[in-house]
Number of protein chains: 2
Amino acid sequence: MPNTQQAMRRRNLSLVLHAVAAHGPLSRASVAARVGLTRAAVSTLVDELIRDGLLVELGPSRPGTVGRPGSALQLNERGPAGIGAEIGVDHLAVCAVDLGGRVRARTEVASANRDRTVGPALARLAELVRQVAAEAVREGLRPAGLAVAVPGLVARDSSLVVRAPNLGWEGVDVGPALRAALPGLPLTVDNEANLGALAELWRGGHDPAPRDFVHVSAEIGIGAAVVLDGRLLRGTHGFAGELGHVPVRPEGPACACGGRGCLEQYAGEEAVLRASGLSPEQAAAQHPGPGGRIALLAERAADGDRRVRRALDGAGEALGIALAGAVNLLDPRTVVLGGALTPLAPWLLPALERELALRVADPARSGQGAVTVSRLGSDGPLLGAAHSVVQAVLDDPAGLREAAAVTGSGA
Amino acid sequence: MPNTQQAMRRRNLSLVLHAVAAHGPLSRASVAARVGLTRAAVSTLVDELIRDGLLVELGPSRPGTVGRPGSALQLNERGPAGIGAEIGVDHLAVCAVDLGGRVRARTEVASANRDRTVGPALARLAELVRQVAAEAVREGLRPAGLAVAVPGLVARDSSLVVRAPNLGWEGVDVGPALRAALPGLPLTVDNEANLGALAELWRGGHDPAPRDFVHVSAEIGIGAAVVLDGRLLRGTHGFAGELGHVPVRPEGPACACGGRGCLEQYAGEEAVLRASGLSPEQAAAQHPGPGGRIALLAERAADGDRRVRRALDGAGEALGIALAGAVNLLDPRTVVLGGALTPLAPWLLPALERELALRVADPARSGQGAVTVSRLGSDGPLLGAAHSVVQAVLDDPAGLREAAAVTGSGA
């Protein structure tokens with residue numbers, strides 16, 4: 001019985017909230033026209049959304065203005081907040097965004113999480129989450145949930161990190177430690193490439209945002225997310241998007257995954273450093289802190305270092321070969337290069353686009369515009385995590401009240 | 001305004017029809033319970049479906065039976081028929097299926113369509129369509145539409161064959177010639193791998209049918225279809241599923257598509273014949289008619305011919321490499337080997353499964369059951385074409401009446 005009255009009301013609350021999110025400020029009459037409900041029905045829904053602290057009324061329009069009678073509605077900037085967190089290989093980050101998607105609090109610390117005992121890393125992250133949530137509360141916001149980006153495979157609809165090879169984590173349930181940071185609030189855990197793609201979909205600054213794309217991301221390993229018709233493809237087990245293990249040269253070097261010649265062996269951060277004749281220690285010495293390896297590569301490439309440029313050209317070629325397969329299979333509108341790879345785009349793109357043009361026969365799918373570079377850069381996964389919480393609120397505002405009832409933290 | 005009353009009625013007609021299709025014979029009361037509508041509403045909808053010749057009433061249940069009062073409803077075996085057609089490289093085929101999916105008429109002729117002038121091939125196909133439609137009418141059926149399977153790229157929602165390299169066709173609109181065969185009825189044209197996948201989804205004899213799979217098909221070239229959550233992935237331009245041009249060895253032999261080392265260069269019918277030391281002429285002489293090359297390869301492999309077995313092992317390996325990439329990207333429940341490849345499965349599978357196990361790290365996605373062989377074999381695309389017409393009727397039975405009104409061929 002999917003069409004009960006209550007389900008309909010829940011859906012309509014979301015319709016109204018989405019209309020204001022996308023087009024606000026809007027009068028009640030404009031909302032009614034956009035969502036196709038009566039003015040009376042919309043008023044009841046709006047009252048409920050105002051009571052729950054999701055919408056605010058800007059007051060009657062200024063005297064003398066024409067055409068927008070009544071007071072205008074907009075998203076409450078002091079309403080629910082999405083808390084996003086990121087577990088990187090060499091950093092931890094947390095941010096809070098409001099309903100409109102603006103970042104209202106943020107922190108990032110260097111943290112060598114690789115092969116570190118899991119407990120301390122998660123305890124540190126939980127502490128940062130509490131700090132940022134407290135800052136959001138000081139800003140007048142109410143944390144509505146936490147989403148965490150992880151550079152690895154996460155089992156679908158769970159907080160279980162099945163395998164994050166570049167962290168050295170396997171079968172780690174991050175739920176218990178992180179749930180304690182925001183008791184009673186929903187927690188979701190997802191692959192960093194997936195969340196980066198969601199950030200692209202919502203706030204990438206594209207106009208209009210592409211609804212079918214492959215989003216390539218990197219955090220030492222190489223991941224990808226496939227977005228089809230505006231929805232993230234998760235796969236049967238939640239493991240879709242493992243571009244890093246697509247075979248590029250089947251007889252190539254052995255990979256940690258057990259295969260040979262995987263993309264990661266040609267375009268992963270370590271492979272590129274090695275091919276450039278650089279060591280992780282050099283990178284750490286010259287560019288301490290998160291992102292040091294990428295920064296060193298970008299600096300050397302910009303300086304015209306021929307070995308680094310050759311290494312990046314090889315990485316771009318391998319990316320192009322693997323992505324040609326993906327494009328032939330999926331026929332996406334575009335390929336988006338995001339995450340840590342964005343600073344290297346100038347040296348990766350020529351070979352990448354050359355391979356795509358060679359191997360994707362159809363002119364509509366290669367050539368100009370076949371690849372775009374994300375404007376969010378390495379911020380994508382963190383922002384995507386926070387946005388995913390806000391999106392859940394917009395999709396089901398009534399669910400928020402239920403959560404509040406459980407935690408006793410009502411509006 | 002998506003929820004007008006009329007749209008709701010149309011949707012409910014489809015709900016009722018689908019319930020009977022999936023679970024019939026059913027009483028009106030059982031239908032009402034299944035679809036969550038009142039008994040009265042269901043009765044009105046059922047009356048309309050009976051009037052339109054989609055459902056029939058079996059008469060009151062036998063005296064003495066308990067628990068199923070009233071007469072039982074089932075799909076009309078003398079109702080609408082889906083006409084499916086297939087343009088193969090060396091054959092043409094047409095069939096008619098009833099609402100229940102049973103094949104009620106069928107014809108297949110050898111026809112060397114490769115590089116043949118398009119006109120005569122399409123004229124011959126139109127003639128076969130008329131014959132099979134006439135036979136369906138003699139069986140008491142009413143043709144409801146025509147769907148055509150083509151071994152090539154078809155532009156989304158059109159009858160334009162953009163490129164069918166193995167037919168030598170480029171930019172051919174098959175619409176005008178084929179629409180004339182069944183004037184006034186809807187025509188759809190689709191890639192053969194897509195339609196083969198739909199046949200698998202609906203009538204593959206799996207229990208339960210997989211809803212997320214990659215369906216690999218072959219008709220000289222190699223195609224694939226990606227089914228996600230029970231829906232065919234079409235891609236932005238309608239070109240998704242081009243597995244044949246996924247790079248296997250990037251420096252490999254040049255391909256007609258402009259790329260190098262594409263899967264088709266290792267596992268396509270011609271590549272396998274060549275690697276086996278056999279010629280198309282030998283195949284034609286020893287196994288005249290459609291499917292002769294595959295038949296010759298299967299015969300030799302069964303006889304223990306070592307060169308043929310080695311060639312098939314190499315083809316299986318290349319399929320495994322390309323599919324490992326697809327599985328890493330899409331995380332499907334299973335891979336289905338279908339189309340003309342099925343008779344060769346015993347010799348392709350060992351190497352194919354070995355490569356998948358090596359290159360897909362997650363145990364849930366490789367090993368036992370990672371690949372299944374279609375029970376439909378090379379019939380898949382033709383049956384899928386006919387089923388797709390029936391599916392359109394089940395999805396919108398009211399659309400059928402509108403079409404009838406246009407053609408003047410009402411129930």
Side-chain angles (χ1 to χ4, degrees), chain A residues 1-3 36 153 156 162-163 165 210-214 224 226 228 233-251 255-263 317-318 320-322 324-334 355 357-362 364-365, chain B residues 1-3 8 36 153 162-163 165 210-214 224 226 228 233-251 255-263 317-318 320-322 324-334 355 357-362 364-365:
Chain A
M1 231 116 328
N3 275 329
L153 298 181
R156 201 166 169 163
V162 175
R163 203 174 56 243
R211 293 180 56 80
D212 297 88
F213 60 96
V214 175
V226 178
L228 298 170
L233 169 67
R234 297 203 165 271
T236 303
H237 312 90
F239 304 161
E242 282 289 287
L243 188 73
H245 301 287
V246 166
V248 167
R249 291 189 178 85
E251 284 84 26
C255 181
C257 77
R260 299 197 76 85
C262 299
L263 174 60
E317 182 184 83
I321 293 167
V327 171
N328 278 318
L329 266 176
L330 302 171
D331 184 18
R333 169 102 29 212
T334 185
E355 290 298 321
L358 177 73
R359 298 176 190 282
V360 178
D362 194 72
R365 294 186 292 173
Chain B
M1 234 110 333
N3 275 330
M8 190 86 89
L153 298 181
V162 175
R163 202 172 60 241
R211 293 180 56 79
D212 297 270
F213 59 96
V214 175
V226 178
L228 298 171
L233 169 69
R234 296 201 166 272
T236 303
H237 313 90
F239 303 162
E242 282 290 287
L243 188 73
H245 300 288
V246 166
V248 168
R249 292 190 176 82
E251 284 83 26
C255 182
C257 77
R260 299 198 75 85
C262 300
L263 174 60
E317 182 184 81
I321 293 167
V327 170
N328 278 320
L329 267 177
L330 302 171
D331 184 18
R333 169 103 26 214
T334 185
E355 291 297 321
L358 177 72
R359 297 176 190 282
V360 178
D362 194 73
R365 297 187 291 175

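Below, read A as the first sequence line, B as the second, and so on, with proteins coming before strands; counting in each chain starts at 1.
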What residue in A:G235, A:C255, A:A224 has the most heavy-atom pairs under 4.5 Å with chain B? A:G235
What distance separates A:R156 CZ from B:D331 CG, expressed to the nearest 0.5 Å? 8.5 Å
Largest heavy-atom contact set with chain B, pairs under 4.5 Å, which of A:V214, A:D212, A:L233: A:L233
Donor + acceptor pair across side chains of B:H245, A:N328 (<3.5 Å): no
Please report the interatomic distance CZ(B:R333) to OG1(A:T236), rounded to the nearest 0.5 Å. 5.0 Å
Beyond-backbone contact of A:R359 with A:V327, side-chain heavy atoms, under 4.5 angstrom: no
Residue B:R234 versus chain A: region with a heavy atom under 4.5 Å: backbone
Between A:G241, A:P247, A:P250, which shows the greatest number of heavy-atom pairs under 4.5 Å with chain B? A:P250
